[in-house]
Number of protein chains: 2
Amino acid sequence: MAPSSKKVNKSDKTDLSDATSRHGAPASLATLSAHLGLSVAAISRVLNGVPAAKSIPKTTQDRIFAAAKEFNYRPNALARSLRHGRSMMVGVLVPEVSEGYATLVLAGIEQGLLQSGYIYFLISHHHRSELIERAQSLLMERSVDGIIAIDTIMPLHSRLPTITVSCPDEQEGVTNIMLNQRRAVELALDHLVGLGHREIAIIKGQSFSSDTEPRWQAIRHAASRAQIKLNPKLVAQLEGDAPSHEPGYFAAQRLLASDTPFTALFTFNDVSAIGAIRALREAGLRVPQDVSVVGFDDVQSAAFQNPSLTTVRQPLRTMGMLAAEALVRQITAHPDHPPSKQLVVDPELVVRESTCPPPAKKRAKS
Amino acid sequence: MAPSSKKVNKSDKTDLSDATSRHGAPASLATLSAHLGLSVAAISRVLNGVPAAKSIPKTTQDRIFAAAKEFNYRPNALARSLRHGRSMMVGVLVPEVSEGYATLVLAGIEQGLLQSGYIYFLISHHHRSELIERAQSLLMERSVDGIIAIDTIMPLHSRLPTITVSCPDEQEGVTNIMLNQRRAVELALDHLVGLGHREIAIIKGQSFSSDTEPRWQAIRHAASRAQIKLNPKLVAQLEGDAPSHEPGYFAAQRLLASDTPFTALFTFNDVSAIGAIRALREAGLRVPQDVSVVGFDDVQSAAFQNPSLTTVRQPLRTMGMLAAEALVRQITAHPDHPPSKQLVVDPELVVRESTCPPPAKKRAKS
DNA sequence: CCTAATTGGGCAAACGTTTGCTCAGGCGCT
DNA sequence: AGCGCCTGAGCAAACGTTTGCCCAATTAGG
């Protein structure tokens with residue numbers, strides 16, 4: 001088609017369609033069988049290199065490999081899965097696909113899964129339990145070998161190998177990847193207290209988020225340990241399932257409306273911290289001079305905020321990788337072998353610009 | 001384990017394992033066949049409600065439905081796909097899973113696909129062509145019905161239905177969802193010029209990003225139309241494939257190092273704009289008083305930056321939905337029916353705090 | 001020379017569905 | 001009475017692999 005004089009630098013893409021058999025359909029073992037005059041069984045054995053193929057002479061094997069290459073033979077994973085009872089597919093459940101938290105975990109999961117030869121379906125459910133249930137059914141029908149659920153409370157209890165990330169909901173045979181919340185909260189509060197803060201406001205997570213309760217327990221524990229008492233008027237909760245900065249913005253506005261002074265704010269996550277900072281600034285408060293803010297997660301943009309965000313880092317990517325590895329282990333393990341219930345990872349405090357000692361007048365007042 | 005006096009509100013989860021047949025394996029048509037004394041064929045027909053099932057009396061149908069419910073029968077999608085030649089699965093290729101741009105498109109894709117009964121594999125490739133190629137093979141082996149590629153240059157030319165988002169690479173039979181780049185750039189530049197800016201710096205996209213070239217062409221066109229000349233010293237390019245704010249940060253530093261004054265900066269995307277703003281601030285420049293910054297995309301955090309970001313909004317979610325719909329259409333269409341080559345969507349300028357008229361002294365100087 | 005092992009593969013079942021074809025009995029119509 | 005049609009299904013092939021079992025021919029060993 002193209003004039004042969006022209007150098008073919010533009011369209012040097014491999015054309016898969018030519019490499020397959022001429023009638024469009026991809027080559028199957030039967031195609032090769034017809035071409036080689038061998039049975040599909042022999043071809044399958046050779047291509048898979050099973051021990052039984054040892055009795056087949058080298059020359060025949062070479063012919064088979066050559067034909068496979070010529071016809072661009074790709075084993076049909078559907079058929080293979082059906083026969084083999086293992087699909088090498090897993091399902092990943094996330095609340096939202098567009099949120100900072102889940103996507104970082106996802107990156108780790110992907111890395112861990114792909115290197116073990118697995119491929120994954122992604123489904124988001126917006127924390128709606130009927131969608132979670134539908135997703136679980138969908139995945140089971142698709143014969144996935146396992147499920148990883150991030151920040152998801154699962155209504156169905158399937159016997160599929162399952163790993164959860166940040167879901168302290170104890171379930172039979174489910175391994176949960178968790179952050180050490182106690183330690184995480186201590187890092188944040190000790191930092192603020194060490195700077196001299198006493199009037200600390202808290203923004204709790206949404207009720208549907210599985211980290212919310214344990215985090216809150218940890219906060220109460222750490223506060224009493226540090227001899228800080230939490231003023232109920234200085235505790236707000238994120239509301240609404242929008243995966244955006246708005247819930248934090250509105251929560252901070254509610255805190256301000258309570259007319260109770262505070263010099264520091266500890267938020268449920270970085271995204272809400274960013275929203276909260278905007279609300280503070282709109283109220284004429286400077287961060288950190290008037291109010292210090294500590295976030296949670298250390299999402300990518302945290303370091304690039306203005307001011308950059310002091311935050312408790314979760315090793316999200318690592319957690320994803322751990323989840324993937326644990327799942328693969330659970331899939332390939334003996335069914336009776338009991339999986340570990342928890343894998344706990346440690347947080348890290350990242351001090352940036354959004355925290356400093358409280359203003360002098362406030363401290364004098366208290 | 002739990003005292004029975006306690007109300008069982010905690011663990012009222014449906015237990016799928018009990019509902020399946022007692023020997024663990026999920027129920028198949030054969031299971032129902034054995035239980036009902038009917039052939040698998042009859043059961044399949046009734047459950048699928050095919051026309052041929054009309055001849056089967058209501059009472060038998062009811063027995064079948066009852067048994068299906070009792071055994072919690074779920075058709076095996078693998079087997080169905082194998083037989084039917086359509087898997088109801090598609091593959092989605094993205095550069096990174098943790099980036100603002102792709103995830104928003106992904107949200108739209110998911111919505112569009114799920115409502116048509118499709119489920120998708122997600123694979124990221126970090127713009128590395130050997131990974132893209134591997135992903136394409138992987139997906140073809142898995143018998144996906146089609147592929148959606150976001151900001152991805154595909155080395156293989158498969159005959160699978162394919163939709164690209166922001167890949168102006170014209171390929172046979174591939175539909176591309178595109179932003180009207182000319183219009184987008186005009187919106188940004190006209191805004192800056194209207195404010196009085198003349199010395200405008202540009203941060204181009206990475207060379208591997210498929211939007212980079214068309215955007216640059218559009219910028220040159222719009223600049224000449226607006227009688228602005230672009231100083232080559234005020235053009236930097238994003239470098240490095242890190243999906244973070246850093247490339248923008250470093251690009252802005254290079255612009256500053258060129259020692260050529262500018263009063264406005266138009267960046268390739270919001271993420272790099274945020275990085276660039278940090279570099280400007282570190283250099284002692286105020287945004288927008290000293291330098292106005294216009295981003296691109298309008299990712300979720302753009303409105304919550306400090307200052308909030310003036311940016312060109314791409315309707316990313318819509319583009320994802322369009323991609324999904326176009327793919328489904330192409331999958332179900334007659335093979336000879338030629339798909340449309342392009343679907344163009346329109347940008348929108350969102351003016352926020354990061355732009356204002358240039359400083360007086362600068363204007364006096366020019 | 002007889003037996004046994006090795007070589008070189010083939011047959012067919014199985015995974016779980018879907019679907020074209022067949023078929024027996026009953027009923028209505030002419 | 002004969003014909004055709006409707007009812008109510010069943011049989012079996014097909015999708016593409018994998019794998020347990022079988023078998024014929026050759027070779028090795030005794």
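Sequence lines set the chain letters: A, B, ... in the order given, protein chains first and strands last, and positions in each chain run from 1.
The distance between atom CD1 of Ile43(A) and atom P of dG16(D), rounded to the nearest whole Å, is 14 Å.
Using a distance-only test at 3.5 Å, with no hydrogens or angles considered, no donor-acceptor pair links the side chain of Ser116(B) to the main chain of Tyr118(B).
Counting non-hydrogen atoms under 4.0 angstrom, Thr60(A) reaches the backbone sugars and phosphates but no base. Across all strands, Ala41(B) comes closer than 4.0 Å to base atoms (heavy-atom distances). Leu38(A) comes within 4.0 angstrom of sugar-phosphate atoms only, judged by non-hydrogen atoms across all strands, and of no base.
With hydrogens and angles ignored, no donor-acceptor pair closer than 3.5 Å exists between the side chain of Ser28(A) and the base of dG16(D). A donor-acceptor contact under 3.5 Å links the side chain of Arg45(A) to the base of dG20(D).
Of the side-chain N and O atoms in His84(A), none sit less than 4.0 angstrom from OP1 or OP2 of dA14(C). The side chain of Ser39(A) contributes an N or O atom lying less than 4.0 Å from OP1 or OP2 of dG10(C). Ser44(B) has no side-chain polar atom (N or O) that falls below the 4.0 Å cut-off from OP1 or OP2 of dT17(C).
Nearer the 5' end of DNA chain C, as judged by each residue's closest nucleotide, is the contact made by Ala79(A), out of Ala79(A) and Asn48(B).
With a 6.0 Å radius and a threshold of 12 heavy atoms from other residues, nucleotides or ligands, Lys54(B) has its NZ atom at or below the threshold. For Glu172(B), the CD atom sits in a loose shell: 12 or fewer heavy atoms of surrounding residues, nucleotides or ligands are nearer than 6.0 Å. No more than 12 heavy atoms of other residues, nucleotides or ligands lie within 6.0 Å of NE2 in His84(B), so this atom counts as exposed by the packing criterion.
Taking every side-chain heavy atom of Arg83(B) into account, dC15(D) is the closest of dC15(D), dA9(D), dG8(C). Taking every side-chain heavy atom of Leu82(A) into account, dG16(C) is the closest of dG16(C), dG9(C), dT17(D). Picking from dT19(C), dT18(D), dT18(C) the nucleotide with the shortest atom distance to the side chain of Arg80(B) gives dT18(C).
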